[in-house]
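A short write-up of the structure that comes next.
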Amino acid sequence: MSGPHPTRIRRPSLSAGALIIAGAVLAAVGAVGAWLQHDAPGRSTQPRTELTASNPPAGLPTALTTGQHLQWSRCTSPPTARTGYDCATMKAPLDYRKPDGRAIDVALIRRKATGPNDRRIGSLVLNFGGPGVSGVSGLPERLKQYEPLLDRYDLVSFDPRGVGATIPVRCGKTADDTGYAGADACAEHSGAILPYIGTSHTARDLDLMRYLLGDERLHYFGVSYGTAIGAVYAHLYPSHVGRLVLEAPVDPTEDLSEQQVSQVKAVQAAFDRFAAHCAARIRHCPTGDGPEEAARRMARLADRLKKKPAPAGAGRNLDADDLAYAVSDHLALGTDGWAPLAKALTALIDHNDGRPLSKGADDTGFADRAATPRDNSRVARTAITCADSSLRPGFERLDRDEARVKAASPVFGEAWSTGVYLCYDWPFDGERATLQVNADGAAPVLVVGGTGDPTTPYPGARHMARALGDDVGVLLTAEEEGHGTYPQNRCVTKTVDTYLRTGHTPAAGTVCRGSMS
């Protein structure tokens, strides 16, 4: 939903989650000691009181609700979670229409709150985007972004369906292969689960998770694709909505084809702003004297890489599509990515060295798309997107859609245009053309959008706030470059943290000034 290519995962944060450089750090050593009490034998700490909820999800067997208790224990993986984190497995129905049927295991991770029991609000469930991003791996990687909230919340994340340790999708040549060998391979190795890994199923898992965590209402922070999960949850369970933050939201009014066009226009606009800055501020700017010259130079560079990809280190090569994806990843970092991008493009143009550009995008898995990835994030992205989207266009429409995407951006259009084929031959029907997110009667939901977001364009934030319903969606606008604004924008951080701690939303029309002000 937030990415352009069927075998490539957008960085969340691809969102604030993964793209934003860590902000404020909790400095109180005593608080950290309490937080790690099970790792510091003999330390005197206040006994922890576990919370309980009285409103289990309706229609589920008692074995999954009142009869189920999360058994938290020290995490064994990933290695970054072995100290200070707890992990657990939640049983949930594979098919909520048949709740007494097959159950699945949903992998959870938790960092306990540091504050006293009487100030703890509950759990704050985090989703870092994707689709296809593991929350179990993601929480240790992104903890510093959310660390100041540990005084009031347990921080909890999870592997959504199809991802990581939660019924992982397999679409490779063999059942153990995490690569992508096409839709037929997905059906062969994962056909039994593919109809049940879409966003609405994950949203239902969230309500069961909320109850088992002991919360009467769900407190949730979703970024990028994670906003789709949170918004669908609000639609399904408006009376269970607590404090929900939807940052860098997807556009619930656009179908998959429309999203491709909107995103490629937004990333082109971000590149044009970079090119203008580069021309004015950077000596020997690799993109020339402005956006028009930049487009011409990028076209020549892409042609060169089509004929002969540049070495990118570790036996990998950087081709024309990789160039577009890597540049977009730097743009998603906001102005922090501009100087590194200029240096990386200079190395590529002048010395045919693709290493600096690829290094800046390594954690997106872009560089060698033919290689088998270390996890199943790429195939999970495809499978979840196609489980959600009901679009199955014929070749005539595919040709039109491909031409529209190409025409929308001289720099990124060709690479992005392959995304129109993402689900055309998917073996199962998708759920809807667009998300259903109206949540009349829910508590206020804070929607945060950046005006210069190249991944989930700002109009989507306005549409999300409106679609949630009157008196539900509250829009906070940040005049910032990049994909996600929390926590690097101080105004956004203060506003979001206040909402999560007190429930108070900002005034309608609040704008946080930033790099685009």
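A heavy-atom distance below 4.5 Å is found between the side chains of R462 and P459. I229 is listed as a side-chain neighbour of L206, based on a closest heavy-atom distance under 4.5 Å. The shortest distance between side-chain heavy atoms of D251 and P457 does not fall below 4.5 Å. Proximity of V106 to D159: side-chain heavy atoms (C-beta onward) are nowhere separated by under 4.5 Å. In this structure the side chain of D497 reaches within 4.5 angstrom of the side chain of Y486, judged on heavy atoms. Side chains of L64 and P93 form a contact here, defined as non-hydrogen atoms less than 4.5 Å apart. Within the 4.5 Å cutoff, the side chain of C512 has heavy atoms near those of the L476 side chain. Within the 4.5 Å cutoff, the side chain of F412 has heavy atoms near those of the L331 side chain.
Minimum heavy-atom separation, G469 to D440: CA-OD1, 3.9 Å. Minimum interatomic distance between C87 and S77 (heavy atoms only, all atoms of both residues): SG-O, 4.3 Å. Between R110 and E50, the shortest heavy-atom contact is NH1-OE1, 4.1 Å. The two residues L345 and L357 make their nearest non-hydrogen contact at CD2-CD2, 4.5 Å. Among all heavy-atom pairs drawn from S328 and V267, the shortest one is CB-CG2, 3.7 Å. Looking at every heavy atom in both residues, A81 comes nearest to P140 through CB-CG, 3.8 Å.
Remark: Q145 CD to L155 CG distance equals 11.5 Å, nearest 0.5 Å. Rounding to the nearest 0.5 angstrom, the gap separating the OG atom in S417 from the CZ atom in R404 is 12.5 Å. Rounding to the nearest 0.5 Å places OG1 of T199 at 13.0 Å from CD of Q436. The line from CE of M298 to OG of S409 is 9.5 Å long, rounded to the nearest 0.5 Å. T485 contributes atom OG1, which lies 8.5 Å from atom CG of D453 (distance to the nearest 0.5 angstrom). Between atom CG of residue L212 and atom OG1 of residue T65 there is a gap of 8.0 Å, rounded to the nearest 0.5 Å.
Note on residues 479-493: pairs passing salt bridge (charged side-chain N to carboxylate O under 4.0 Å, His left out), not counting sequence neighbours, are R273-E481. Residue pairs that meet the salt bridge (charged side-chain N to carboxylate O under 4.0 Å, His left out) test with at least one member in residues 204-214, sequence neighbours left out, are R161-D205, D207-R210.
Residue D118 qualifies as enclosed at atom CG: its count of foreign heavy atoms under 6.0 Å is above 12. For D471, the CG atom sits in a loose shell: 12 or fewer heavy atoms of surrounding residues, nucleotides or ligands are nearer than 6.0 Å.
Checked by atom type and distance alone, the side chain of R120 never pairs as donor or acceptor with a backbone atom of R152 at under 3.5 Å. A donor-acceptor pair under 3.5 Å is absent between the side-chain atoms of D388 and the main chain of R432, judged by distance alone. Side-chain N or O atoms of D215 include none that pairs as donor or acceptor with a backbone N or O of G122 at under 3.5 Å. When atom types are taken as modelled, the side chain of S157 and the backbone of L126 share a donor-acceptor pair closer than 3.5 angstrom. Side-chain atoms of S517 come within 3.5 Å of backbone N or O of G514 as a donor-acceptor pair. With hydrogens and angles disregarded, a donor-acceptor distance shorter than 3.5 Å links the side chain of N489 to the backbone of V492. Under a 3.5 Å cut-off, the side chain of N438 and the backbone N or O of H235 do not form any donor-acceptor pair. A donor-acceptor pair under 3.5 Å is formed between the side chain of T502 and the backbone N or O of H504. A donor-acceptor pair is defined here as one N or O able to donate and one able to accept, closer than 3.5 Å; such a pair exists between the side chain of T510 and the backbone of A507. With hydrogens and angles disregarded, no donor-acceptor distance shorter than 3.5 Å links the side chain of D86 to the backbone of W72.
With no hydrogens or angles considered, no side-chain donor-acceptor pair links T434 and E254 at under 3.5 Å.
The aromatic ring centres of F221 and Y146 sit less than 6.0 Å apart. In this structure, W416 has its ring center under 6.0 Å from that of Y325. When ring centroids are compared, Y153 and H219 come within the 6.0 Å threshold. Aromatic rings of W338 and H277 (six-membered ring for Trp) have centroids within the 6.0 Å cut-off, being under it.
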- Which is it for S377 and V133 under the side-chain contact (heavy atoms from CB on, under 4.5 Å) test, yes or no, and what are the steps along the way? CA-CA 6 Å; S377 58; V133 172; 6.0 Å; no
- Audit row: R381, L422, side-chain contact (heavy atoms from CB on, under 4.5 Å) steps and yes/no: CA-CA 10 Å; R381 176 189 177 273; L422 187 65; 3.8 Å; yes
- Message: side-chain hydrogen bond (donor to acceptor under 3.5 Å, both in side chains) for E431 and S200? Distances and angles first, verdict last.
- Response: CA-CA 9 Å; E431 190 166 331; S200 65; 2.7 Å; yes
- Given the rule in the side-chain contact (heavy atoms from CB on, under 4.5 Å) test, do V156 and I109 qualify, once you have shown the distances and angles that lead to the verdict? CA-CA 6 Å; V156 176; I109 188 170; over 6 Å; no
- Could you check D272 against Q268 for side-chain hydrogen bond (donor to acceptor under 3.5 Å, both in side chains), going step by step and ending with a plain yes or no? CA-CA 6 Å; D272 289 347; Q268 179 67 52; 3.0 Å; yes
- Show the numbers, then the answer: is there a side-chain hydrogen bond (donor to acceptor under 3.5 Å, both in side chains) between Y225 and T456? CA-CA 9 Å; Y225 163 74; T456 49; over 6 Å; no
- Message: Run Y220 and Y233 through side-chain contact (heavy atoms from CB on, under 4.5 Å) and show every step you take.
- Response: CA-CA 10 Å; Y220 176 85; Y233 178 89; over 6 Å; no
- Query: Would Y211 and S54 count as a side-chain hydrogen bond (donor to acceptor under 3.5 Å, both in side chains) if you check the C-alpha gap in whole Å, the side-chain angles of each, and the deciding distance to 0.1 Å?
  - Reply: CA-CA 8 Å; Y211 171 74; S54 61; over 6 Å; no
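Residue L149 is tested with D154, V496, T114, L124 for a side-chain contact (heavy atoms from CB on, under 4.5 Å); the sole match is L124.
Comment: D151 engages R501 in a salt bridge, judged by a side-chain N to carboxylate O separation of less than 4.0 angstrom. In this structure, D105 pairs ionically with K91, as a charged nitrogen and a carboxylate oxygen lie closer than 4.0 Å.
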